[in-house]
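All figures in this text were calculated on a predicted structure; none of them were measured in a lab. To find a chain, count down the sequence lines: A is the first, B the second, and so on, and within it residues start at 1.
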Amino acid sequence: MLEIRNLHAEVNGVEILRGIDLVVKSGEVHSIMGPNGSGKSTLAQVLAGRTTYAVTQGEVLLDGKNLLELEPEARAGEGVFLAFQYPVEIPGVSNSYFLRAALNAVRRYRGEEEVDAVDFLALVRAKVAALEMDPGLLKRPVNEGFSGGEKKRNEILQMVVLEPRLAILDETDSGLDIDALRIVANGVNALRDPRRSFIVVTHYQRLLSHVVPDFVHVLYAGRVVKSGGKELALELEEHGYGWLDQQFAQAARA
Amino acid sequence: MAMAGSISNLPRRREREQARAATMSTEVRDRYHELFALREQGGGVADAAWSTGLRHRGFERFAELGWPTTRMEDWRHTNPAPLASLEVTLPPAGRVLNGAARRILNAAPVLPGATDRLVFVDGCYAPGLSYSSARAGLVALPLAVAARAQEDLVLRHLASIDGGESGALSALNQAFLADGAFVWLGEEACLEGLVEVIHVSTAGDDCRPAATFPRTLVVAGAGARAVLVERYVCAGETTHFANAVTEVYLAPDASLAHCRVTETSARSYHVSSTVVHQHAGSVYRGHAITVGGALVRNDLAVALDGVGASAVLAGLFVADGREHLDNHTLIRHNRASCTSRELYKGILADHATGVFRGKIVVAPLAQKTDSRQTNRNLLLSQGATIHSQPQLEIYADDVKCTHGAATGRLDEESVFYLCSRGISLPDARGILTGAFAAELLDGLPSETLGEQLRDTLHDRVGLVRLC
């Protein structure tokens, strides 16, 4: 379903992604781990269409369609969703307006009928309850004054409303306490579906004991240097990333 | 001298410019004098004997002051020369035809809750489009009618507010005083609904712009409360020059919400002076919404002349193309324990220019003054410009005064966030622009007016309604 081939990307002339190859099939959950600065967030943002990063080589195909040729909004229409590491605060725009505008934009793209305000409210209320969110957050401006945990849950809320084909979670677990982590993980697990895939970017193993991945990849200096099953995450948790420096520093410099 | 002259032509160029300005000033004075004399002798003021003295004093003052120039501090960022060069005519007083009436209603649809509506077409009262609730405690009449019935009351207030310190353009308005709106609120009159004063321009073209001199006088008795919507719109493709003056008197504890909305076409010109005089404990809430115009200059001066009076000034100005919008506000804290809150926001697209100059003067008597001023501007393009100039003059020592100004562009991170959720780039920009304007449009005393303005701003700068 998703194929990333030899993806290179740079920012201000500095190459961050240096040839990523990754295949994610329908229904699979892939975790991307790696030390700070390895390119995890860059990969997530490049997939969503952030233009701060210039793609210099390679291709990204979603169901055979070249994502790199699409604007961010078209990618969302095709089913790409990025849960931001740092969700943006948008004063003056209510959360429920934003959610409905997003849902209807995506539905229009897919040739589906728009959802009216009444139906939308019923739909979103159920999802808010499932994520144990304060319904009052719907009336508040997007992410403004939300706690760290509320922001992350709000990202998951957007994901469950938009029902993407490919969900990319960029360090959604950071800043969450144990309860919030469980709630977020439940939200993700409830969406797991043979027709939907996930890329879970994280530093830590703890989210992965709730959202169990099919594959774990280690990103280092802009390349996938090791792939394995879910045991790899445990291994990383135990040994840290220090061993990568010794093992790959030379190769990365070359 | 000779050497400097040979190296640089600057002194001579300045001399030439000054000479040209002087010539222009004489020319424009002569032109208006001709118009003035024609009108005074031609019977255009036949039923306005009550204001003859005012008009002549107005013209004398205008002639004495001369047309403003960019050498004046008040006109540093707005060149008044394009206004001077307009070969204006006075539009004929005519009947409003059916087609025109429909266009007028489209340009300024009646707001829900409007109990009284005074419509002026090219400066003339249009009785067929106006109506009055005839409620106790409220007089909403054309000035000329009011002056016939209560000449004393009208003349006591009209043109007396600024103590003869008005600028040249206000004086010009007075010289051409014809008709306008008179809104009087009796003591303790607590009015539901709102009073609308609508000025519509239908005449004029590029060769002969139509000049109008709208005048509004509001006198609120002690403890009275009301909402006034003053609106300046165009019906059809016209080129005009409106020079408007509004005076507001608030007796002790009176409270007025005053929306002043100007929607001016890119070919038309609008200058205005709003002066507000507040007694103790009175509350003035000004909502100044300015959309478009080749050149628009709005002056708003509020004098807090009684203990505990408060003024809340909210302004939104929006321009695109090569339009130029200038807002000058002046708040005088003249007595103790007065409060002022001011928030002005500008949205500028294309090559538009905006000016905000907000001056606050705290007099020695005005201890315990509490004043806050904010100006925020959103530039939607590289070519747009804003001149923002807050100014505080404080002559009392026990005061709380803050001011701040910030100008920025749409936040790229926010735009991407919205787009990443499927929202198109124009919609994302429009939503964020709408969010920027929201607090000012939501704060209007008429929700419908806010919605109408959102539609206008959608067409102008792509603002997306957030509902």
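Residues of residues 121-142 of chain A placed with any heavy atom under 4.5 Å of a heavy atom in chain B are listed by number as A:V142. Using a 4.5 Å heavy-atom cut-off against chain B, the contacting residues of residues 160-171 of chain A are A:L162. Of residues 49-61 of chain A, those residues with a non-hydrogen atom less than 4.5 Å from any non-hydrogen atom of chain B are, in numerical order, A:G49, A:R50. Residues of residues 184-202 of chain A lying under 4.5 angstrom from chain B, judged on non-hydrogen atoms, do not exist here.
Within the 4.5 Å cutoff, the side chain of B:I423 has heavy atoms near those of the A:F98 side chain. Looking at heavy atoms from C-beta onward, A:I90 lies in side-chain contact with B:L418 at the 4.5 angstrom threshold.
Most heavy-atom pairs under 4.5 Å with chain B, from the set A:A74, A:A102, A:S96: that is A:A102. Looking only at heavy-atom pairs under 4.5 Å with chain B, the residue among A:Q158, A:E78, A:Q45, A:R75 that has the most is A:Q158. With chain B as the partner, the residue from A:A101, A:G92, A:S94, A:P91 showing the most heavy-atom pairs under 4.5 Å is A:G92. Contacts with chain A were tallied for B:I431, B:D442, B:V464; B:I431 has the most, counting heavy-atom pairs under 4.5 Å.
Rounding to the nearest 0.5 Å places CD of A:E89 at 10.0 Å from OH of B:Y417.
Both the backbone and the side chain of A:F84 come within less than 4.5 Å of a heavy atom of chain B. Contact annotation for B:L432: only side-chain heavy atoms (C-beta onward) come within less than 4.5 Å of a heavy atom of chain A.
The closest donor-acceptor contact from the side chain of B:R421 to the backbone of A:L82 lies under 3.5 Å.
Atom CZ of A:R110 sits in a crowded spot, with more than 12 heavy atoms from other residues, nucleotides or ligands closer than 6.0 Å.
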